[in-house]
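Since the structure comes first, as structure tokens, the remarks are kept for the end.
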Amino acid sequence: QVQLVESGGGLVQAGGSLRLSCTASGIWGINFMAWYRQAPGKQREWVAHITTAGSTYYADSVKGRFTISRDNGKNAVYLQMNSLKPEDTAVYYCKLVATNTYWGQGTQVTVSS
């Protein structure tokens, strides 16, 4: 059974930083992994992803502020979030794509102004 567990969310002031972690269990190998977020009353949106080759891509709204990375040995993906803004407030979800697609349970990020 594949499980994704996110951690690292919390409350931070605008301009601050947080580092989200997502650890996968029950699956092996290097997989496509991504971060999404969903703000209250809005649809879930893509934030960033990292390919099996290690290439990274970002939504325009976070480019230059967020960095996605992975540790293949730990089967984990991270999202370093700097210069946080109130509009970054959302539940952040980790996604893994292999033969099937898997989602984590989400971690809340709240940025106060």
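Any value given below was found using the heavy atoms of this structure, including those in side chains, with hydrogens, waters and symmetry copies removed. The residues of the chain are indexed from 1 along the displayed sequence.
Closest non-hydrogen pair, Ser61 versus Arg37, comes out as OG-NH2, 3.5 Å. Here the shortest heavy-atom pairing between Ser69 and Val77 reads O-CG2, 3.1 Å. Contact detail for Leu18 and Gly8: the closest heavy-atom pair is CD2-O, 3.8 Å. Residues Val2 and Gly26 come closest through the heavy atom pair CG2-O, 3.6 Å. Of all the heavy atoms in Phe66 and Tyr58, the pair that sits closest is O-CE2, 3.2 Å. Nearest heavy-atom pair, Thr23 versus Ala76, reported as atom, atom and distance to 0.1 Å: OG1-CB, 4.0 Å.
Residues Leu79 and Thr67 have side chains not in contact (no heavy-atom distance under 4.5 Å, counting atoms from C-beta outward). Side-chain atoms of Tyr92 and Met81, non-hydrogen and from C-beta on, do get closer than 4.5 Å to each other. With contacts defined as side-chain heavy-atom distances shorter than 4.5 Å, the pair Glu6/Trp35 qualifies. In this structure, the side chains of Tyr57 and Ile50 stay at 4.5 Å or more apart for every pair of heavy atoms.
Val47 and Val12 fall within the same hydrophobic cluster, where Ile, Leu, Val, Met, Phe, Trp and Tyr residues are linked whenever their side-chain heavy atoms come under 4.5 Å apart, directly or through other members. Under the 4.5 Å side-chain heavy-atom criterion for ILVMFWY residues, no single connected hydrophobic cluster contains both Val91 and Ile68. Phe32 and Ile27 sit in two unconnected hydrophobic clusters of ILVMFWY residues. Membership requires side-chain heavy atoms under 4.5 Å apart, directly or through other members.
The closest donor-acceptor contact from the side chain of Gln43 to the backbone of Gln38 lies at 3.5 Å or more, if one exists at all. Put simply, the side chain of Arg19 never gets that close to the backbone of Gln80: no donor and acceptor are under 3.5 Å apart. With Thr107 contributing its side chain and Gly9 its backbone, the two residues share a donor-acceptor pair below 3.5 Å.
Annotation: cation-pi geometry satisfied between Arg44 and Tyr93 (NZ/CZ under 6.0 angstrom from ring centroid, within 45° of ring axis). Relative to the six-membered ring of Tyr78, Arg70 misses at least one condition, a distance below 6.0 Å or an angle of at most 45° to the axis.
Note that CG of Leu11 is 8.0 Å distant from CD of Gln13, once rounded to the nearest 0.5 Å. To the nearest 0.5 Å, the span separating OG on Ser83 from CZ on Arg65 amounts to 7.0 Å. Rounding to the nearest 0.5 angstrom, the gap separating the CD atom in Gln105 from the SG atom in Cys94 is 9.0 Å. Distance check, rounded to the nearest 0.5 Å: CG of Leu84 to OG of Ser17 gives 6.0 Å. Within the model, atoms CG of Leu4 and CE of Met33 stand 5.5 Å from one another, a figure rounded to the nearest 0.5 Å.
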Full working for side-chain contact (heavy atoms from CB on, under 4.5 Å) between Tyr102 and Gln3: CA-CA 8 Å; Tyr102 305 92; Gln3 285 190 318; over 6 Å; no
Verdict with reasoning, Thr56 to His49, per side-chain contact (heavy atoms from CB on, under 4.5 Å): CA-CA 6 Å; Thr56 58; His49 73 256; over 6 Å; no
Salt bridge (charged side-chain N to carboxylate O under 4.0 Å, His left out) between Asp88 and Lys85, worked out: CA-CA 5 Å; Asp88 294 319; Lys85 304 175 181 180; over 6 Å; no
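For residues 2-31, no pair satisfies ring pair (Phe, Tyr, Trp, His ring centres under 6.0 Å), with sequence neighbours left out.
In this model, no donor atom of one side chain and acceptor atom of the other lie less than 3.5 Å apart for Glu87 and Thr89.
Ring-plane geometry between Trp103 and Tyr36 is classed as perpendicular, the angle between the planes exceeding 60 degrees on a 0 to 90 degree scale with a lower cut at 30.
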